[in-house]
Asker: 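Have a look at the structure that comes next, please.
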Amino acid sequence: MRRALAGIALAVTSMVALSFLIPLALLVREQARDRVTTAAEQRASALSPVLALTTRRADVQQAVAELGSADQLVVRLPDGGFVGTPHAPRDALDRAVRGRETLAVDTEDGWVYIQPVVLRGDRVAVVEAFVPAADLARGVAASWGVMALLALGLVGGSVLVADRLGARVVRSSRGLERASLALGSGDLDVRVEPDGPPELQEAGAAFNTMADRVVDLLAVERELVADLSHRLRTPLTALYLEADRMGATPSARRVTEAAGQLESELDSIIAAARTPLASAHLAGAGAGAAKPCDVAEVVAMRLDFWSVLATQQGRPYERSLTPRPSPVAFPEDDLAAVVDALIGNVFRHTPEGTAFAVRVERVDRHVFLTVDDAGPGVADPGAALTRGVSVGGSTGLGLDIVARAARTADGELTITRAPLGGARVRVSFVLAGADRAGGR
(Lines give C-alpha, C1' and ligand atoms only; values in the text may rest on other atoms or scores of the structure.)
Protein backbone atom coordinates (compact mmCIF):
# COMPACT_ATOMS: atom_id res chain seq x y z
CA MET A 1 0.00 0.00 0.00
CA ARG A 2 2.85 2.38 0.79
CA ARG A 3 4.32 1.84 -2.66
CA ALA A 4 0.94 2.31 -4.33
CA LEU A 5 0.23 5.56 -2.49
CA ALA A 6 3.72 6.87 -3.23
CA GLY A 7 3.30 5.97 -6.91
CA ILE A 8 -0.06 7.73 -7.10
CA ALA A 9 1.34 10.83 -5.41
CA LEU A 10 4.34 10.82 -7.76
CA ALA A 11 2.17 10.49 -10.87
CA VAL A 12 -0.40 13.11 -9.87
CA THR A 13 2.14 15.66 -8.62
CA SER A 14 4.34 15.17 -11.67
CA MET A 15 1.41 15.78 -14.03
CA VAL A 16 0.36 18.89 -12.12
CA ALA A 17 3.93 20.20 -12.02
CA LEU A 18 4.47 19.59 -15.73
CA SER A 19 1.17 21.21 -16.65
CA PHE A 20 2.36 24.40 -14.94
CA LEU A 21 6.10 24.24 -15.61
CA ILE A 22 6.01 23.78 -19.39
CA PRO A 23 3.89 26.90 -20.12
CA LEU A 24 5.80 28.85 -17.46
CA ALA A 25 9.15 27.87 -18.97
CA LEU A 26 8.01 29.02 -22.41
CA LEU A 27 6.72 32.27 -20.93
CA VAL A 28 10.05 32.93 -19.19
CA ARG A 29 11.92 32.40 -22.44
CA GLU A 30 9.60 34.75 -24.33
CA GLN A 31 9.87 37.41 -21.66
CA ALA A 32 13.69 37.24 -21.74
CA ARG A 33 13.63 37.62 -25.54
CA ASP A 34 11.12 40.47 -25.40
CA ARG A 35 13.23 42.31 -22.85
CA VAL A 36 16.39 42.40 -24.95
CA THR A 37 14.62 43.01 -28.27
CA THR A 38 12.67 45.91 -26.81
CA ALA A 39 15.90 47.45 -25.55
CA ALA A 40 17.45 47.03 -29.02
CA GLU A 41 14.47 48.70 -30.65
CA GLN A 42 14.74 51.62 -28.23
CA ARG A 43 18.43 52.09 -29.04
CA ALA A 44 17.69 52.04 -32.76
CA SER A 45 14.91 54.59 -32.36
CA ALA A 46 17.22 56.88 -30.38
CA LEU A 47 19.48 57.27 -33.45
CA SER A 48 16.71 58.54 -35.69
CA PRO A 49 16.87 62.18 -34.37
CA VAL A 50 20.66 62.18 -34.74
CA LEU A 51 20.47 61.06 -38.37
CA ALA A 52 17.82 63.65 -39.06
CA LEU A 53 20.28 66.36 -37.95
CA THR A 54 23.53 65.04 -39.45
CA THR A 55 24.89 62.12 -41.44
CA ARG A 56 28.55 62.91 -40.89
CA ARG A 57 30.40 59.72 -40.07
CA ALA A 58 32.19 61.19 -37.04
CA ASP A 59 28.97 62.47 -35.51
CA VAL A 60 27.17 59.19 -36.14
CA GLN A 61 30.06 57.19 -34.66
CA GLN A 62 29.95 59.31 -31.53
CA ALA A 63 26.21 58.81 -31.19
CA VAL A 64 26.57 55.06 -31.68
CA ALA A 65 29.31 54.91 -29.06
CA GLU A 66 27.08 56.70 -26.56
CA LEU A 67 24.07 54.44 -27.19
CA GLY A 68 25.76 51.06 -27.43
CA SER A 69 28.51 48.88 -28.78
CA ALA A 70 29.53 49.25 -32.40
CA ASP A 71 29.03 45.45 -32.73
CA GLN A 72 25.36 45.71 -31.71
CA LEU A 73 24.35 49.10 -33.21
CA VAL A 74 25.17 49.71 -36.91
CA VAL A 75 24.19 52.58 -39.24
CA ARG A 76 24.09 52.40 -43.00
CA LEU A 77 24.56 55.91 -44.29
CA PRO A 78 22.72 57.24 -47.36
CA ASP A 79 25.92 56.97 -49.40
CA GLY A 80 26.11 53.22 -48.70
CA GLY A 81 28.82 53.38 -46.09
CA PHE A 82 28.54 51.66 -42.70
CA VAL A 83 29.26 52.80 -39.18
CA GLY A 84 29.98 49.51 -37.41
CA THR A 85 29.90 45.94 -38.61
CA PRO A 86 26.56 44.91 -40.17
CA HIS A 87 24.95 41.56 -39.19
CA ALA A 88 21.77 41.71 -41.29
CA PRO A 89 21.66 40.10 -44.72
CA ARG A 90 22.21 42.54 -47.55
CA ASP A 91 18.89 41.75 -49.18
CA ALA A 92 17.12 42.71 -45.93
CA LEU A 93 18.96 46.05 -45.87
CA ASP A 94 18.11 46.70 -49.52
CA ARG A 95 14.50 45.84 -48.86
CA ALA A 96 14.37 48.29 -45.94
CA VAL A 97 15.85 51.03 -48.18
CA ARG A 98 13.51 50.39 -51.08
CA GLY A 99 10.36 49.73 -49.15
CA ARG A 100 10.96 52.08 -46.23
CA GLU A 101 9.75 49.30 -43.89
CA THR A 102 10.95 48.14 -40.47
CA LEU A 103 12.16 44.54 -40.36
CA ALA A 104 13.12 41.98 -37.69
CA VAL A 105 15.30 39.15 -38.90
CA ASP A 106 16.56 36.01 -37.10
CA THR A 107 20.06 34.95 -38.13
CA GLU A 108 22.43 32.23 -37.08
CA ASP A 109 24.22 34.63 -34.75
CA GLY A 110 21.18 36.23 -33.17
CA TRP A 111 18.38 38.68 -33.85
CA VAL A 112 18.56 41.85 -36.03
CA TYR A 113 16.23 44.84 -35.93
CA ILE A 114 16.32 47.03 -39.06
CA GLN A 115 14.75 50.52 -38.96
CA PRO A 116 14.94 52.88 -42.00
CA VAL A 117 15.25 56.65 -41.46
CA VAL A 118 14.03 58.89 -44.29
CA LEU A 119 16.09 62.09 -44.64
CA ARG A 120 15.76 65.24 -46.67
CA GLY A 121 16.19 64.86 -50.36
CA ASP A 122 14.53 61.41 -50.31
CA ARG A 123 17.60 59.89 -48.88
CA VAL A 124 17.38 56.80 -46.64
CA ALA A 125 19.63 55.77 -43.79
CA VAL A 126 19.22 52.42 -42.04
CA VAL A 127 19.76 51.75 -38.34
CA GLU A 128 20.55 48.11 -37.45
CA ALA A 129 20.29 46.85 -33.83
CA PHE A 130 21.82 43.43 -33.28
CA VAL A 131 21.17 41.13 -30.30
CA PRO A 132 23.48 38.07 -29.95
CA ALA A 133 21.85 34.67 -29.46
CA ALA A 134 23.39 34.40 -25.99
CA ASP A 135 21.61 37.60 -24.91
CA LEU A 136 18.26 36.31 -26.19
CA ALA A 137 18.37 33.43 -23.64
CA ARG A 138 20.22 35.22 -20.87
CA GLY A 139 18.85 34.16 -17.45
CA VAL A 140 16.50 31.56 -18.97
CA ALA A 141 18.57 28.54 -17.89
CA ALA A 142 18.82 29.83 -14.33
CA SER A 143 15.08 30.42 -14.17
CA TRP A 144 14.40 26.97 -15.54
CA GLY A 145 16.77 25.47 -12.98
CA VAL A 146 14.98 27.22 -10.11
CA MET A 147 11.59 26.05 -11.39
CA ALA A 148 12.91 22.48 -11.79
CA LEU A 149 14.19 22.48 -8.21
CA LEU A 150 10.84 23.77 -6.96
CA ALA A 151 9.05 21.06 -8.94
CA LEU A 152 11.33 18.36 -7.57
CA GLY A 153 10.77 19.65 -4.05
CA LEU A 154 7.01 19.62 -4.59
CA VAL A 155 7.03 16.09 -6.01
CA GLY A 156 9.40 14.81 -3.32
CA GLY A 157 7.33 16.39 -0.56
CA SER A 158 4.10 14.91 -1.86
CA VAL A 159 5.68 11.47 -2.18
CA LEU A 160 7.07 11.74 1.36
CA VAL A 161 3.69 12.75 2.77
CA ALA A 162 1.98 9.90 0.89
CA ASP A 163 4.61 7.44 2.13
CA ARG A 164 4.15 8.56 5.75
CA LEU A 165 0.39 8.26 5.40
CA GLY A 166 0.77 4.82 3.80
CA ALA A 167 3.17 3.74 6.55
CA ARG A 168 0.62 4.72 9.17
CA VAL A 169 -2.12 2.80 7.41
CA VAL A 170 0.11 -0.24 6.85
CA ARG A 171 1.29 -0.23 10.46
CA SER A 172 -2.28 -0.18 11.73
CA SER A 173 -3.38 -2.87 9.27
CA ARG A 174 -0.49 -5.16 10.17
CA GLY A 175 -1.14 -4.68 13.87
CA LEU A 176 -4.77 -5.65 13.33
CA GLU A 177 -3.67 -8.65 11.24
CA ARG A 178 -1.23 -9.88 13.91
CA ALA A 179 -3.87 -9.50 16.60
CA SER A 180 -6.42 -11.43 14.50
CA LEU A 181 -3.97 -14.27 13.92
CA ALA A 182 -3.08 -14.36 17.61
CA LEU A 183 -6.75 -14.46 18.58
CA GLY A 184 -7.37 -17.21 16.03
CA SER A 185 -4.52 -19.26 17.48
CA GLY A 186 -6.01 -19.03 20.99
CA ASP A 187 -4.41 -15.95 22.58
CA LEU A 188 -7.53 -14.48 24.15
CA ASP A 189 -5.65 -11.66 25.89
CA VAL A 190 -4.50 -9.97 22.68
CA ARG A 191 -5.88 -6.49 21.98
CA VAL A 192 -4.98 -3.71 19.56
CA GLU A 193 -4.37 -0.02 20.08
CA PRO A 194 -6.67 1.77 17.60
CA ASP A 195 -4.45 3.82 15.32
CA GLY A 196 -4.34 5.18 11.80
CA PRO A 197 -7.22 6.64 9.77
CA PRO A 198 -10.67 6.84 11.41
CA GLU A 199 -11.83 3.73 9.55
CA LEU A 200 -8.96 1.62 10.88
CA GLN A 201 -9.47 3.04 14.37
CA GLU A 202 -13.10 1.92 14.20
CA ALA A 203 -11.97 -1.51 12.97
CA GLY A 204 -9.51 -1.78 15.89
CA ALA A 205 -12.18 -0.82 18.40
CA ALA A 206 -14.56 -3.36 16.84
CA PHE A 207 -11.84 -6.05 17.09
CA ASN A 208 -11.34 -5.34 20.80
CA THR A 209 -15.09 -5.51 21.38
CA MET A 210 -15.26 -8.82 19.50
CA ALA A 211 -12.35 -10.25 21.52
CA ASP A 212 -14.02 -9.24 24.79
CA ARG A 213 -17.27 -10.80 23.63
CA VAL A 214 -15.48 -14.05 22.67
CA VAL A 215 -13.89 -14.24 26.12
CA ASP A 216 -17.27 -13.68 27.78
CA LEU A 217 -18.99 -16.32 25.64
CA LEU A 218 -16.26 -18.88 26.27
CA ALA A 219 -16.44 -18.23 30.00
CA VAL A 220 -20.21 -18.73 29.94
CA GLU A 221 -19.86 -21.89 27.88
CA ARG A 222 -17.24 -23.38 30.18
CA GLU A 223 -19.34 -22.65 33.24
CA LEU A 224 -22.32 -24.27 31.55
CA VAL A 225 -20.25 -27.38 30.77
CA ALA A 226 -19.02 -27.54 34.36
CA ASP A 227 -22.56 -27.17 35.72
CA LEU A 228 -24.00 -29.83 33.42
CA SER A 229 -21.17 -32.21 34.29
CA HIS A 230 -21.72 -31.60 37.97
CA ARG A 231 -25.43 -32.39 37.64
CA LEU A 232 -24.53 -35.86 36.40
CA ARG A 233 -23.21 -36.75 39.83
CA THR A 234 -26.77 -37.38 41.04
CA PRO A 235 -27.42 -40.36 38.73
CA LEU A 236 -23.89 -41.57 39.48
CA THR A 237 -24.72 -41.69 43.16
CA ALA A 238 -27.81 -43.70 42.30
CA LEU A 239 -25.66 -46.18 40.36
CA TYR A 240 -23.34 -46.61 43.35
CA LEU A 241 -26.34 -47.27 45.62
CA GLU A 242 -27.78 -49.75 43.15
CA ALA A 243 -24.44 -51.59 42.98
CA ASP A 244 -24.38 -51.81 46.79
CA ARG A 245 -27.84 -53.39 46.77
CA MET A 246 -26.70 -55.94 44.18
CA GLY A 247 -24.06 -57.24 46.58
CA ALA A 248 -20.69 -58.73 45.68
CA THR A 249 -21.66 -60.01 42.24
CA PRO A 250 -19.72 -59.69 38.96
CA SER A 251 -22.44 -57.40 37.64
CA ALA A 252 -22.12 -55.16 40.68
CA ARG A 253 -18.34 -54.95 40.22
CA ARG A 254 -18.75 -54.01 36.57
CA VAL A 255 -21.31 -51.33 37.45
CA THR A 256 -19.02 -49.96 40.14
CA GLU A 257 -16.04 -49.89 37.78
CA ALA A 258 -18.05 -48.16 35.04
CA ALA A 259 -19.44 -45.64 37.51
CA GLY A 260 -15.95 -44.97 38.85
CA GLN A 261 -14.59 -44.39 35.37
CA LEU A 262 -17.50 -42.09 34.56
CA GLU A 263 -16.94 -40.15 37.75
CA SER A 264 -13.26 -39.74 36.90
CA GLU A 265 -14.19 -38.42 33.46
CA LEU A 266 -16.65 -35.96 35.01
CA ASP A 267 -13.98 -34.72 37.42
CA SER A 268 -11.64 -34.12 34.48
CA ILE A 269 -14.34 -32.26 32.57
CA ILE A 270 -15.23 -30.06 35.53
CA ALA A 271 -11.56 -29.29 36.24
CA ALA A 272 -10.93 -28.41 32.60
CA ALA A 273 -14.09 -26.29 32.39
CA ARG A 274 -13.18 -24.33 35.52
CA THR A 275 -9.59 -23.72 34.38
CA PRO A 276 -8.96 -20.09 33.34
CA LEU A 277 -9.08 -19.59 29.59
CA ALA A 278 -5.45 -18.53 29.25
CA SER A 279 -4.26 -21.60 31.14
CA ALA A 280 -6.51 -23.81 29.09
CA HIS A 281 -4.99 -22.36 25.94
CA LEU A 282 -1.48 -23.09 27.20
CA ALA A 283 -2.50 -26.60 28.13
CA GLY A 284 -3.97 -27.12 24.68
CA ALA A 285 -0.80 -25.77 23.07
CA GLY A 286 1.25 -28.35 24.92
CA ALA A 287 -1.02 -31.26 24.11
CA GLY A 288 1.35 -32.29 21.34
CA ALA A 289 4.00 -33.01 23.98
CA ALA A 290 1.83 -35.57 25.83
CA LYS A 291 3.47 -38.74 27.15
CA PRO A 292 3.36 -41.40 24.41
CA CYS A 293 1.12 -44.42 24.88
CA ASP A 294 1.01 -47.70 22.99
CA VAL A 295 -2.08 -48.11 20.80
CA ALA A 296 -2.10 -51.90 20.94
CA GLU A 297 -1.91 -51.93 24.74
CA VAL A 298 -4.73 -49.42 25.15
CA VAL A 299 -6.94 -51.27 22.65
CA ALA A 300 -6.28 -54.59 24.41
CA MET A 301 -7.23 -53.06 27.78
CA ARG A 302 -10.48 -51.58 26.45
CA LEU A 303 -11.37 -54.79 24.61
CA ASP A 304 -11.12 -56.66 27.90
CA PHE A 305 -13.65 -54.21 29.32
CA TRP A 306 -16.07 -54.55 26.39
CA SER A 307 -15.65 -58.32 26.09
CA VAL A 308 -17.86 -58.95 29.11
CA LEU A 309 -20.75 -57.07 27.52
CA ALA A 310 -20.08 -58.75 24.17
CA THR A 311 -20.34 -62.16 25.80
CA GLN A 312 -23.61 -61.23 27.48
CA GLN A 313 -25.10 -60.04 24.16
CA GLY A 314 -23.78 -63.00 22.20
CA ARG A 315 -21.54 -60.90 19.97
CA PRO A 316 -18.63 -62.84 18.46
CA TYR A 317 -15.59 -60.66 17.99
CA GLU A 318 -12.08 -60.89 16.65
CA ARG A 319 -8.97 -59.03 17.70
CA SER A 320 -5.76 -58.57 15.75
CA LEU A 321 -3.14 -56.47 17.51
CA THR A 322 0.31 -55.85 16.12
CA PRO A 323 3.14 -57.25 18.28
CA ARG A 324 5.38 -54.35 17.27
CA PRO A 325 5.52 -51.24 19.49
CA SER A 326 2.97 -48.67 18.36
CA PRO A 327 3.59 -45.54 20.46
CA VAL A 328 1.74 -42.34 19.59
CA ALA A 329 2.08 -38.87 21.12
CA PHE A 330 -1.44 -38.93 22.48
CA PRO A 331 -2.78 -39.04 26.07
CA GLU A 332 -3.80 -42.52 27.13
CA ASP A 333 -7.16 -41.38 28.47
CA ASP A 334 -7.99 -39.67 25.18
CA LEU A 335 -6.97 -42.74 23.20
CA ALA A 336 -9.12 -44.91 25.47
CA ALA A 337 -12.04 -42.55 24.80
CA VAL A 338 -11.47 -43.01 21.04
CA VAL A 339 -11.52 -46.81 21.37
CA ASP A 340 -14.64 -46.69 23.58
CA ALA A 341 -16.40 -44.42 21.08
CA LEU A 342 -15.69 -46.77 18.17
CA ILE A 343 -16.63 -49.99 19.97
CA GLY A 344 -19.54 -48.30 21.73
CA ASN A 345 -20.99 -47.32 18.36
CA VAL A 346 -21.04 -51.02 17.38
CA PHE A 347 -23.02 -51.94 20.51
CA ARG A 348 -25.28 -48.91 20.15
CA HIS A 349 -26.17 -49.09 16.46
CA THR A 350 -26.21 -52.84 15.72
CA PRO A 351 -28.53 -55.57 17.05
CA GLU A 352 -27.37 -57.98 19.76
CA GLY A 353 -25.47 -60.92 18.35
CA THR A 354 -23.82 -58.82 15.61
CA ALA A 355 -20.17 -59.74 15.12
CA PHE A 356 -17.35 -57.17 15.10
CA ALA A 357 -13.58 -57.09 14.74
CA VAL A 358 -10.87 -54.80 16.07
CA ARG A 359 -7.47 -54.56 14.40
CA VAL A 360 -4.31 -52.55 15.16
CA GLU A 361 -1.66 -52.41 12.42
CA ARG A 362 1.65 -50.61 12.15
CA VAL A 363 2.64 -49.53 8.62
CA ASP A 364 5.72 -47.40 8.06
CA ARG A 365 5.25 -44.31 10.22
CA HIS A 366 1.56 -44.80 10.97
CA VAL A 367 -0.57 -46.89 13.29
CA PHE A 368 -4.02 -47.87 12.00
CA LEU A 369 -6.93 -48.71 14.31
CA THR A 370 -9.76 -50.45 12.43
CA VAL A 371 -13.18 -51.46 13.79
CA ASP A 372 -15.43 -53.60 11.53
CA ASP A 373 -18.94 -54.84 12.21
CA ALA A 374 -21.53 -57.03 10.51
CA GLY A 375 -24.37 -54.56 11.01
CA PRO A 376 -26.34 -52.53 8.47
CA GLY A 377 -23.42 -50.14 7.78
CA VAL A 378 -23.43 -46.37 7.33
CA ALA A 379 -25.47 -45.11 4.40
CA ASP A 380 -23.98 -41.58 4.41
CA PRO A 381 -20.40 -41.48 5.79
CA GLY A 382 -20.17 -37.74 5.19
CA ALA A 383 -23.15 -37.03 7.41
CA ALA A 384 -21.82 -39.38 10.06
CA LEU A 385 -18.65 -37.27 10.32
CA THR A 386 -20.61 -34.04 10.84
CA ARG A 387 -20.66 -32.82 14.42
CA GLY A 388 -24.15 -32.98 15.93
CA VAL A 389 -25.48 -35.28 13.17
CA SER A 390 -26.14 -38.94 13.98
CA VAL A 391 -27.19 -41.81 11.77
CA GLY A 392 -28.59 -43.74 14.71
CA GLY A 393 -30.49 -41.24 16.83
CA SER A 394 -27.69 -40.32 19.30
CA THR A 395 -25.92 -37.01 19.87
CA GLY A 396 -23.55 -37.55 16.96
CA LEU A 397 -20.48 -36.64 19.04
CA GLY A 398 -18.77 -40.06 19.12
CA LEU A 399 -17.31 -40.03 15.62
CA ASP A 400 -16.60 -36.30 15.94
CA ILE A 401 -14.44 -37.03 19.01
CA VAL A 402 -12.59 -39.70 17.04
CA ALA A 403 -12.11 -37.41 14.03
CA ARG A 404 -10.72 -34.56 16.16
CA ALA A 405 -8.38 -36.98 17.93
CA ALA A 406 -7.11 -38.24 14.58
CA ARG A 407 -6.46 -34.69 13.36
CA THR A 408 -4.60 -33.90 16.58
CA ALA A 409 -2.25 -36.83 15.89
CA ASP A 410 -1.83 -35.80 12.23
CA GLY A 411 -4.04 -38.69 11.12
CA GLU A 412 -7.46 -39.10 9.59
CA LEU A 413 -10.74 -40.96 9.99
CA THR A 414 -12.40 -42.88 7.15
CA ILE A 415 -15.68 -44.81 6.96
CA THR A 416 -16.11 -47.54 4.34
CA ARG A 417 -17.83 -50.89 3.88
CA ALA A 418 -16.38 -53.72 6.00
CA PRO A 419 -15.70 -57.27 4.77
CA LEU A 420 -18.18 -58.40 7.44
CA GLY A 421 -20.88 -56.52 5.57
CA GLY A 422 -21.33 -53.55 7.89
CA ALA A 423 -19.31 -50.42 8.53
CA ARG A 424 -15.54 -50.13 8.67
CA VAL A 425 -14.18 -47.21 10.69
CA ARG A 426 -10.45 -46.70 10.32
CA VAL A 427 -8.33 -44.21 12.28
CA SER A 428 -4.69 -43.43 11.56
CA PHE A 429 -2.11 -41.98 13.95
CA VAL A 430 1.46 -40.86 13.33
CA LEU A 431 4.00 -42.79 15.35
CA ALA A 432 5.60 -40.85 18.19
CA GLY A 433 8.98 -39.44 17.14
CA ALA A 434 8.27 -39.85 13.43
CA ASP A 435 8.74 -36.91 11.06
CA ARG A 436 5.22 -35.57 10.76
CA ALA A 437 5.88 -33.81 7.51
CA GLY A 438 7.15 -37.03 5.98
CA GLY A 439 4.42 -39.06 7.67
CA ARG A 440 1.70 -37.16 5.89
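Keep in mind that what you see is a predicted model, and the values were worked out from it rather than measured. Note that the numbering runs from 1 along the sequence shown for the chain.
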Asker: Are the side chains of Val127 and Ile114 in contact, using a 4.5 Å heavy-atom criterion?
Answerer: no
Asker: Looking at NE2 of His366 and OG of Ser326, how far apart are the two atoms once the value is rounded to the nearest 0.5 Å?
Answerer: 13.5 Å
Asker: Show your working on side chain to side chain contact (heavy atoms under 4.5 Å, CB included) between Leu218 and Val215 and close with a plain yes or no.
Answerer: CA-CA 5 Å; Leu218 287 177; Val215 172; 5.9 Å; no
Asker: Does the pair Arg359 and Arg424 meet the rule for a side chain to side chain contact (heavy atoms under 4.5 Å, CB included), with working shown?
Answerer: CA-CA 11 Å; Arg359 182 180 298 105; Arg424 161 170 285 187; 3.7 Å; yes
Asker: Between Ser158 and Val155 (side chain of the first, backbone of the second, donor and acceptor by atom type, cut-off under 3.5 Å), is there such a pair?
Answerer: yes
Asker: Assess the side chains of Asp373 and Thr350: does a donor N or O sit below 3.5 Å from an acceptor N or O?
Answerer: no
Asker: For Leu176 and Ala203, which heavy atoms make the closest approach, and how far apart are they?
Answerer: CD2-CB, 4.0 Å
Asker: Not counting sequence neighbours, list each pair that qualifies as a side-chain hydrogen bond (donor to acceptor under 3.5 Å, both in side chains) and has a residue in residues 21-30.
Answerer: none
Asker: Drop me the distance from Phe429's CZ to Cys293's SG, to the nearest 0.5 angstrom.
Answerer: 8.5 Å
Asker: Looking at every non-hydrogen atom in both residues, tell me the closest pair between Pro194 and Gln201 and how far apart they are.
Answerer: CB-O, 3.7 Å
Asker: Surrounding CG of Asp364 (heavy atoms of other residues, nucleotides or ligands, distance under 6.0 Å), is the total greater than 12?
Answerer: no
Asker: Side chains of Asp340 and Trp306 only: does a donor on one sit below 3.5 Å from an acceptor on the other?
Answerer: yes
Asker: Can you find a heavy atom in the side chain of Thr37 that is under 4.5 Å from one in the side chain of Leu136?
Answerer: yes
Asker: Testing Leu119, Leu51, Asp122 one by one against Pro78 for a side chain to side chain contact (heavy atoms under 4.5 Å, CB included), which residue passes?
Answerer: Leu119
Asker: Give the C-alpha distance, both sets of side-chain angles, the deciding distance and a yes or no for side chain to side chain contact (heavy atoms under 4.5 Å, CB included) between Phe207 and Leu183.
Answerer: CA-CA 10 Å; Phe207 173 84; Leu183 182 63; 3.9 Å; yes
Asker: What's the spacing between Leu73 CG and Arg43 CZ if we round to 0.5 Å?
Answerer: 6.5 Å
Asker: Can you find a heavy atom in the side chain of Gln72 that is under 4.5 Å from one in the side chain of Asp135?
Answerer: yes
Asker: Kindly state each residue pair satisfying ring pair (Phe, Tyr, Trp, His ring centres under 6.0 Å) with at least one member in residues 124-146, sequence neighbours excluded.
Answerer: His87-Phe130
Asker: Would the distance check show the side chain of Arg123 and the main-chain N or O of Arg120 forming a donor-acceptor pair, the cut-off being under 3.5 Å?
Answerer: yes
Asker: Mind listing the closest non-hydrogen atom pair of Ala179 and Val192 along with its distance?
Answerer: CB-CG1, 3.1 Å
Asker: Where do Val402 and Ala341 come nearest, in terms of heavy atoms and distance?
Answerer: CG2-CB, 3.9 Å
Asker: Not counting sequence neighbours, which residues clear side chain to side chain contact (heavy atoms under 4.5 Å, CB included) with Ser172? List them please.
Answerer: Asp195, Leu200
Asker: Would you say the side chain of Val60 lies within less than 4.5 Å of the side chain of Leu77, judging by non-hydrogen atoms?
Answerer: yes
Asker: For residues Phe368 and Val363, determine if any side-chain heavy atom of one lies less than 4.5 Å from a side-chain heavy atom of the other.
Answerer: yes
Asker: Determine yes or no for a side-chain-to-main-chain donor-acceptor pair under 3.5 angstrom, with Ser428 supplying the side chain and Glu412 the backbone.
Answerer: yes
Asker: For Arg33 and Asp106, run salt bridge (Lys or Arg N to Asp or Glu O under 4.0 Å): C-alpha distance rounded to whole Å, both residues' side-chain angles, the deciding distance at 0.1 Å, then the answer.
Answerer: CA-CA 12 Å; Arg33 181 185 178 91; Asp106 289 315; 2.7 Å; yes
Asker: Please report, to 0.1 Å, the donor-acceptor pairs under 3.5 Å made by any side chain of residues 16-24, with sequence neighbours excluded.
Answerer:
residue, atom, partner, partner atom, Å
Ser19, OG, Met15, O, 3.2
Ser19, OG, Val16, O, 2.6

Asker: So, does Arg138 use its side chain to make a donor-acceptor pair with the main chain of Val36 at under 3.5 Å?
Answerer: no
Asker: Taking side chain as C-beta onward, heavy atoms only, is Ser320 less than 4.5 Å from Val360?
Answerer: no
Asker: Within a strict 4.5 Å, meaning less than it, do heavy atoms of the Arg426 and Glu361 side chains meet?
Answerer: yes
Asker: Tell me the closest heavy-atom pair linking Ala96 and Pro116, and the distance in Å.
Answerer: O-CB, 3.8 Å
Asker: My understanding is that only residues two or more places apart in sequence, or in another chain, count here; which of them pass salt bridge (Lys or Arg N to Asp or Glu O under 4.0 Å) with Arg319?
Answerer: Asp304
Asker: Would you give the length of the straight line joining atom CE of Met301 to atom CD of Glu332, rounded to the nearest 0.5 angstrom?
Answerer: 5.0 Å
Asker: Give the minimum heavy-atom separation between Pro325 and Arg362, together with the two atoms involved.
Answerer: O-NH1, 2.5 Å
Asker: Flag the pair Thr13 / Val159 as yes when at least one side-chain heavy-atom distance between them is below 4.5 Å, and no otherwise.
Answerer: no
Asker: Any carboxylate oxygen within less than 4.0 angstrom of a Lys/Arg side-chain nitrogen, looking at Arg191 and Asp212?
Answerer: yes
Asker: Looking at CZ of Arg417 and CG of Asp372, how far apart are the two atoms once the value is rounded to the nearest 0.5 Å?
Answerer: 11.0 Å
Asker: Would you say the ring centroid of Phe347 lies under 6.0 angstrom from that of Phe356?
Answerer: yes
Asker: Might you work through the side chain to side chain contact (heavy atoms under 4.5 Å, CB included) test for Val124 and Val117, ending with a clear yes or no?
Answerer: CA-CA 6 Å; Val124 178; Val117 179; over 6 Å; no
Asker: With a 3.5 Å cut-off and sequence neighbours excluded, list the donor-acceptor pairs that the side chains of residues 88-95 form with protein atoms.
Answerer:
residue, atom, partner, partner atom, Å
Asp94, OD1, Arg76, NH1, 3.2
Arg95, NE, Glu101, OE2, 2.9

Asker: Just how far is it from atom CG of Asp34 to atom CD of Glu41, taken to the nearest 0.5 Å?
Answerer: 9.0 Å
